[in-house]
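Just so you know, residue 1 is the first one in the sequence shown, and it goes up from there.
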Amino acid sequence: MRDRSRRGVLLAGFMLATFSSQAIWVTFSPVSTNVSEYLGVSKERIGLLALVYPILFLALTLPSGILLDRRFKASFLTGIMLTGLGGVLRLANPSSYEWLLACQIMAGIGQPFILNAFAPFSARFYSESKERVVSLLSLSMYLGIIYALGTGYTIYEEWGMYGLIVPIAVVSLASMVLVLSSINAVATSIVEAGVAGKGYLFELRRVVRFRDLWMLGGILGLGVALFDNMSIWLEAVLAGVGLGHIAGRSLALALIAGLIGISLIPAIVTRRNARTMYIRMVSLIAALSFIALALETTSLSVAALIPLVGFLMLPAYPIIMEWIATYHDPRLHGSATGFIGLTSRILTVVLASSAVALLESPVSYFTFLAVLSLLAFIIALLLPVNR
């Protein structure tokens, strides 16, 4: 009972760290113009604060994954502490752009250690309920983004810069306290499950030989590319047909629907051993939804189909993380997650950039998204069936 309670404290701390990591990432995005005036810098420099995260993730996702496998406890604490300090230390000098950038870099270095720890953490501490733990962590990840983007403008209007950063600092501090107070009591020999005495390339060579990881990386990359594309370009595309005003609302509903999906779907899918079937089904439904939007772009179709895609697609992330935790060597969970993260992010950047040429009409844009979904479906057909 005591061990279960301590594990619960550790999980709560990890969830808060995941929440704060994502909230730190986009803290200033909803009020970039206001914050640029407050700090006396350009809006582009405020945008750089958010851009730091994906740049550092691409650079560090593989090294952080390998380090999590080799020295889980130390690497996990590195992510928790860098993220927590990045959130707390912003309070020291919030009127200095250089200070905020330094804190953003600190938290950005911590992010890949946080996100790549989902699978190894759940397998080490919650082997009996991996899917539930991965779903909770994924839920925390999306909630952090939604909190920052959804409340940022209102909070800044009412309480200014401190209103933006104080709540996140409190969550960051709580995450560090909870993790530090529980990890030593919980962590035993199972934490240090890395391949001792081997070089970093040893783990990487073992990971890249698994065909399913290449396929999962491609599917995840295509899925993330879909949402990144819509987040960046949907308003511009819909504005051309007089529907720009519903873009933000539809995306917000898609995220909310996705959170509901994460809380319900992964447990059902894993219990029925239907991971591959689910990924195939979701990819096909997404393709059909985007084809329907290309054929008829109306306020009703956008308001109905974009949230439907969110409800079905967001749960795919925890399902993929649970796949790694269930079907791969525990000593390689971090490396596998980092490898998938790298392949998916590269694919995401390329596809999000290429959409610029397709913004003239909803037909070309939604057809492009349908093609991405069909590619994900084709890749999913190659996944092992009984998983």
Side-chain angles (χ1 to χ4, degrees), residues 4-5 7-23 25-26 114-123 125-151 167-168 171 174-175 178 216 219-220 223-224 226-227 230-231 249-283 285-286 289 303-326 337 340 344 376 387:
R4 181 181 299 178
S5 176
R7 283 193 303 161
V9 172
L10 182 61
L11 174 59
F14 191 12
M15 290 173 62
L16 291 179
T18 303
F19 177 96
S20 63
S21 173
Q22 301 307 287
W25 172 26
V26 290
I114 294 287
L115 299 186
N116 288 339
F118 283 17
F121 178 92
S122 62
F125 298 117
Y126 286 92
S127 59
E128 74 285 357
S129 55
K130 293 187 295 292
E131 73 287 343
R132 180 175 63 86
V133 172
V134 171
S135 294
L136 287 172
L137 292 169
S138 301
L139 193 66
S140 302
M141 179 179 71
Y142 289 118
L143 281 174
I145 298 172
I146 292 172
Y147 166 78
L149 294 180
T151 66
I168 299 172
V171 174
S175 71
L178 291 177
L216 291 173
I219 292 167
L220 183 62
V224 175
L226 288 171
F227 269 94
M230 290 190 289
S231 299
R249 184 166 64 246
S250 297
L251 286 172
L253 288 173
L255 286 171
I256 293 170
L259 294 181
I260 297 171
I262 288 172
S263 66
L264 299 174
I265 293 173
I268 298 173
V269 170
T270 54
R271 272 201 308 270
R272 298 185 178 181
N273 218 32
R275 301 168 188 85
T276 295
M277 184 185 301
Y278 183 79
I279 293 172
R280 292 174 180 174
M281 179 196 72
V282 170
S283 302
I285 291 175
S289 298
L305 294 176
I306 298 297
L308 173 64
V309 170
F311 175 76
L312 293 174
M313 287 193 67
L314 264 63
Y317 182 86
I319 288 171
I320 289 174
M321 293 299 104
E322 191 272 341
W323 179 306
I324 295 171
T326 300
T337 305
I340 283 181
S344 66
R387 288 194 177 181

Worksheet item: Could you walk me through whether Leu11 and Phe121 pass the side chain to side chain contact (heavy atoms under 4.5 Å, CB included) check?
Response: CA-CA 9 Å; Leu11 174 59; Phe121 178 92; 3.8 Å; yes
Practice prompt. Let me see the working for Leu259 and Leu143 under side chain to side chain contact (heavy atoms under 4.5 Å, CB included), right down to the final yes or no.
Written response: CA-CA 8 Å; Leu259 294 181; Leu143 281 174; 3.6 Å; yes
Worksheet item: Run the side chain to side chain contact (heavy atoms under 4.5 Å, CB included) check on Phe227 and Met313 step by step: do they pass?
Response: CA-CA 9 Å; Phe227 269 94; Met313 287 193 67; 4.0 Å; yes
Worksheet item: Step by step, would you call Arg272 with Glu131 a salt bridge (charged side-chain N to carboxylate O under 4.0 Å, His left out)?
Response: CA-CA 12 Å; Arg272 298 185 178 181; Glu131 73 287 343; over 6 Å; no
Worksheet item: Which is it for Ile260 and Phe311 under the side chain to side chain contact (heavy atoms under 4.5 Å, CB included) test, yes or no, and what are the steps along the way?
Response: CA-CA 7 Å; Ile260 297 171; Phe311 175 76; 4.1 Å; yes
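Between Leu251 atom CG and Met230 atom CE the span is 6.0 Å, to the nearest 0.5 Å. With rounding to the nearest 0.5 Å, the separation of CG in Leu216 from CD1 in Ile320 is 5.5 Å. The line from OG1 of Thr18 to CG of Leu137 is 5.0 Å long, rounded to the nearest 0.5 Å. Residue Gln22 holds its CD atom at 11.0 Å from CD1 of Ile168, rounded to the nearest 0.5 Å. Atom CG in Asn116 sits 10.0 Å away from atom CD1 in Ile340 (nearest 0.5 Å). Considering CG of Leu255 and CD1 of Ile145, their distance stands at 7.5 Å, rounded to 0.5 Å.
In terms of the side-chain hydrogen bond (donor to acceptor under 3.5 Å, both in side chains) criterion, residue partners of Trp323 (sequence neighbours excluded) are, by chain and number, Asp212. Judged as a ring-ring contact (aromatic ring centres under 6.0 Å, His included), and not counting sequence neighbours, Tyr317 has no contacts. The side-chain hydrogen bond (donor to acceptor under 3.5 Å, both in side chains) check on Thr326 picks up Glu322, with sequence neighbours excluded. With sequence neighbours left out, Ser344 forms a side chain to side chain contact (heavy atoms under 4.5 Å, CB included) with Leu220. Contacts of Ala17 classified as side chain to side chain contact (heavy atoms under 4.5 Å, CB included), with partners at least two apart in sequence or in another chain: Ile80, Ile114, Ser175.
Screening residues 307-320 for salt bridge (Lys or Arg N to Asp or Glu O under 4.0 Å), with sequence neighbours left out, gives no hits.
When side chains are defined from C-beta on, Ser289 counts as touching Leu308, because their heavy atoms get closer than 4.5 Å.
Residues Ala376 and Ser283 come closest through the heavy atom pair CB-OG, 3.7 Å. When every heavy atom of Ser122 is checked against every heavy atom of Val133, the shortest pair comes out as CB-CG1, 4.0 Å. Contact detail for Pro315 and Gly310: the closest heavy-atom pair is CD-O, 4.1 Å. What you find for Ala117 and Phe14 is that their closest heavy atoms are CB-CZ, 3.8 Å. Residue Ile324 comes nearest to Ala119 through the heavy atom pair CG2-CB, 4.1 Å, listed as atom of the first residue, atom of the second, then distance. Nearest heavy-atom pair, Ile306 versus Ala254, reported as atom, atom and distance to 0.1 Å: O-CB, 3.6 Å.
Side chain of Tyr278 to main chain of Ile265: no donor-acceptor pair is present (N/O by atom type, distance under 3.5 Å, no hydrogens or angles). When atom types are taken as modelled, the side chain of Tyr126 and the backbone of Arg7 share a donor-acceptor pair closer than 3.5 angstrom. The backbone N or O of Leu16 lies less than 3.5 Å from a partner atom in the side chain of Ser20, making a donor-acceptor pair.
Within a 6.0 Å sphere centred on CE of Met277, heavy atoms belonging to other residues, nucleotides or ligands number 12 at most.
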